[in-house]
There are 2 protein chains.
Amino acid sequence: MHKNKLPTIKEIAKKLNISTSTVSRALHDHKSIGAVTTMRVHQAAKELGYEVNKSALFFKQQKTYTIGVIIPNLAEPFFSSALCGVEDFAEPFNYTVIIGQSLDTLDREKRILENMKDHRVDGILVSLSKDTNTYDHFESLKKYNIPVVFFDRVPDKKDIHFVAGNLHSGMLQAITKLVNMGHKKIGLINGPAKLAATLQRLELYLKCLRSNDLEVNYDLIVSTTLSKTDNVTAMQKLMALEQPPTAVIVFNDYVLLDCIATVKAANLVVNKDISFISFANLPIWEYMDTMPLGSIEQFAYQQASKATEFLFQLIEGGNQPQPAEVKFLQCIIDSEMVSYS
Amino acid sequence: MHKNKLPTIKEIAKKLNISTSTVSRALHDHKSIGAVTTMRVHQAAKELGYEVNKSALFFKQQKTYTIGVIIPNLAEPFFSSALCGVEDFAEPFNYTVIIGQSLDTLDREKRILENMKDHRVDGILVSLSKDTNTYDHFESLKKYNIPVVFFDRVPDKKDIHFVAGNLHSGMLQAITKLVNMGHKKIGLINGPAKLAATLQRLELYLKCLRSNDLEVNYDLIVSTTLSKTDNVTAMQKLMALEQPPTAVIVFNDYVLLDCIATVKAANLVVNKDISFISFANLPIWEYMDTMPLGSIEQFAYQQASKATEFLFQLIEGGNQPQPAEVKFLQCIIDSEMVSYS
DNA sequence: GCAATTTGAGCAAACGTTTGCGTAAGCAAC
DNA sequence: GTTGCTTACGCAAACGTTTGCTCAAATTGC
């Protein structure tokens, strides 16, 4: 086998004895090329098995038709679901998606960002790592005209584009449900303080308790770094209270899994001695013996899809002369509590 | 803000009053450039915030430093774990990984392949969709000199590069364990016939029964298309036997989840009335009340990592004059049964 | 039958980088 | 002072495609 060079536009031109520009235009069905020529070009292209060299295109157009997605961990259903949202939105536009997993470390997040930057992606979607407490690395992208849209785990800043979940709706449904079931001591196992989600959950928890005319007992509020041992410790702390909660709102389903195990280890019965509501709505509950009363669904797919839509707006907008000051694209997506009863 | 053009090698050249070729070489620390010039170039590059335009490079070098990975579904831990294997291997080589989810349909698999093809990826890793029964679309890649390495779900052909799991070791450990526990009626819930894995499991099941001097009862062998309802039906079929099995080898953990639910629904007790061993070793069991005796781990990460190694060999080898006939790179990775007792 | 317009197509530049080849300057050996 | 070698750098082509400009031929309008 000889060296297997792919056919180019030049070969077609040579074969038909016309110029490359004519071929190029014919392939795009440009009106200034005659019908006969256009047909012959298409014919020849087919025969030769011609396919446009995208590398050349990307180079020429200074555009890669590629967007980067940085997420903590693909293994988490929330993020793999989000990724589907991105891909489904990007596909019809013929954009390619490249992915980086920060594995919840700032260091990797930065490295991935650098890599995407010099791959000249057209835009980036980010869900922050747990470690991320500084946003300089994103700032630097502005110099390169690479738009960034955050989703789900967004920075605590105002001058950014983002799509985030609104937990209020779901949280209110959850606590109201618990109250209606007769629960009065409702605990909260919260996440690490540096996550915006943590503060948000706390505020909403307090707010929704008040909405239900329940008074707040700060002993019922504990937190975890999300590590397994810490999850267990948090749950044990609640159970050790003189007046332990009869229901607990838990940071997410993973923490909850540990909580359930902890409760069982203490020979207590979930949904009887203690009930749970969590955030995430993982598919696993379907298969579990013991499931929480409900989970607060945050619509990963929709969030990511919307974030991608924003990103595309920004990418397109980048070409046009921008309005004096850019409006920041921001969107909040309401959560919903789903019951497993 | 003016039009934010990224600095190029030309700007550096102009600024220093030298030629672009000198700049290019200096940036690569080429020995033919003087130490002083090299330093000044690096200095200027830093000042201007220069970064090489990879689009231009990819184009020039006719190489994208990108590999494509086609897998059925990222949401499956097996594949997200595999993906990590790919990325970890590819990262040090500065390759970018792009992913396509076939969602177990041949149609999407083909579309993704087409897309990757005209993105001019340097190579492709594939784990087949369940639907895939024809391999022409992969054949066509040969014309484009794009090497393909299959892993895990590999075509039933000999003239391919692949990495596959060897279930024999794990299966033998599993059946031997069951036999040692006193089980004599060991069933098999197998997958769809078109998957190579299915035939393999059957053969090994038979072989390992014989190794343990058990005689085969074909009533104990059923199969499922892997749909939830079918999984349940398969399990029910086994339970309805006059002489139902006391232990069952199950195609994978997902099927097993349904089986366990089915057993419970029939008011039987898992691990007492009926025991299970499955394939996959999902992290979920850790959190479940009811877990199988064990799972047969197939080392997704290692398989994918090895497959990537193969792919890189092929990519590199493509440049060198190839030996008369290419040897096919093939590797089998032994499975292991992990006990949850 | 001549000017004006339309149609169909080619020329050449441009995108940013690498690299083979050429060459001038400096130096050593004879 | 010629030759030969090294060091340090520049020239220009090449990668495949698109696109603004140019231009000849064909068609139209009068």
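Every chain is numbered from 1 and lettered A, B, ... according to where its sequence line falls, protein lines coming before strand lines. Because only heavy atoms are used, hydrogens play no part in the values below, and waters and symmetry mates are left out as well, while side chains stay in.
Rounded to whole Å, atom P of dT19(C) lies 7 Å from atom NE2 of H28(B). For the pair L27(A) CG and dA9(C) P, the interatomic distance rounds to 13 Å; values are reported in whole Å. In this structure, the CD1 atom of I33(A) is 13 Å from the C1' atom of dC11(C), given to the nearest Å.
With respect to the salt-bridge test (charged N to carboxylate O, under 4.0 angstrom), the residues E114(B) and R111(B) do not qualify. A salt bridge links E91(B) with R108(A); the closest basic N to acidic carboxylate O contact falls under 4.0 Å.
Taking the nucleotide of DNA chain D with the nearest heavy atom to each of N17(B) and L57(A), the more 5' of the two is matched to N17(B). The nearest heavy atom of DNA chain C to T22(A) and to K60(A) marks one nucleotide each, and the one closer to the 5' end goes with T22(A).
Between the side chain of E316(B) and the main chain of Q313(B), no donor-acceptor pair closer than 3.5 Å is present. The main-chain N or O of R120(B) is found under 3.5 Å from a side-chain atom of T64(B) such that the two form a donor-acceptor pair.
Under a cutoff of 6.0 Å and an axis angle of 45°, K63(A) and Y65(A) form a cation-pi pair. Annotation: cation-pi geometry not satisfied between K46(B) and Y50(B) (NZ/CZ under 6.0 angstrom from ring centroid, within 45° of ring axis).
Backbone-only contact: Y50(B) has heavy atoms under 4.0 Å from sugar-phosphate atoms and none from a base. The residue T37(B) sits close only to the backbone: its heavy atoms come under 4.0 Å of sugar-phosphate atoms, none of a base. Backbone-only engagement by T8(A) is indicated by non-hydrogen atom pairs under 4.0 Å involving sugar-phosphate atoms exclusively. Within 4.0 Å (heavy atoms only), S24(B) reaches at least one base atom of the nucleic acid.
If you look at F312(B) and F89(B), their ring centroids are closer than 6.0 Å. Aromatic rings from H161(B) and F328(B) are positioned such that their centres are separated by under 6.0 Å.
Between the base of dG10(C) and the side chain of R25(A) there is a donor-acceptor pair shorter than 3.5 Å.
Nucleotides of DNA chain D lying under 4.0 Å from heavy atoms of chain A occupy a range whose first and last members, 5' to 3', are dC15(D) to dG20(D).
Rounded to 10°, the helix from dG1(C)-dC30(D) to dC30(C)-dG1(D) has 50° between the axis fitted to its first five pairs and the one fitted to its last five.
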Please tabulate, one pair per line, all N/O donor-acceptor pairs under 3.5 Å involving side-chain atoms of residues 146-158 of chain A, not counting sequence neighbours.
unit_1	atom_1	unit_2	atom_2	d
R153(A)	NH1	D104(A)	OD1	2.9
R153(A)	NH1	L128(A)	O	3.0
K157(A)	NZ	E139(A)	OE2	2.8

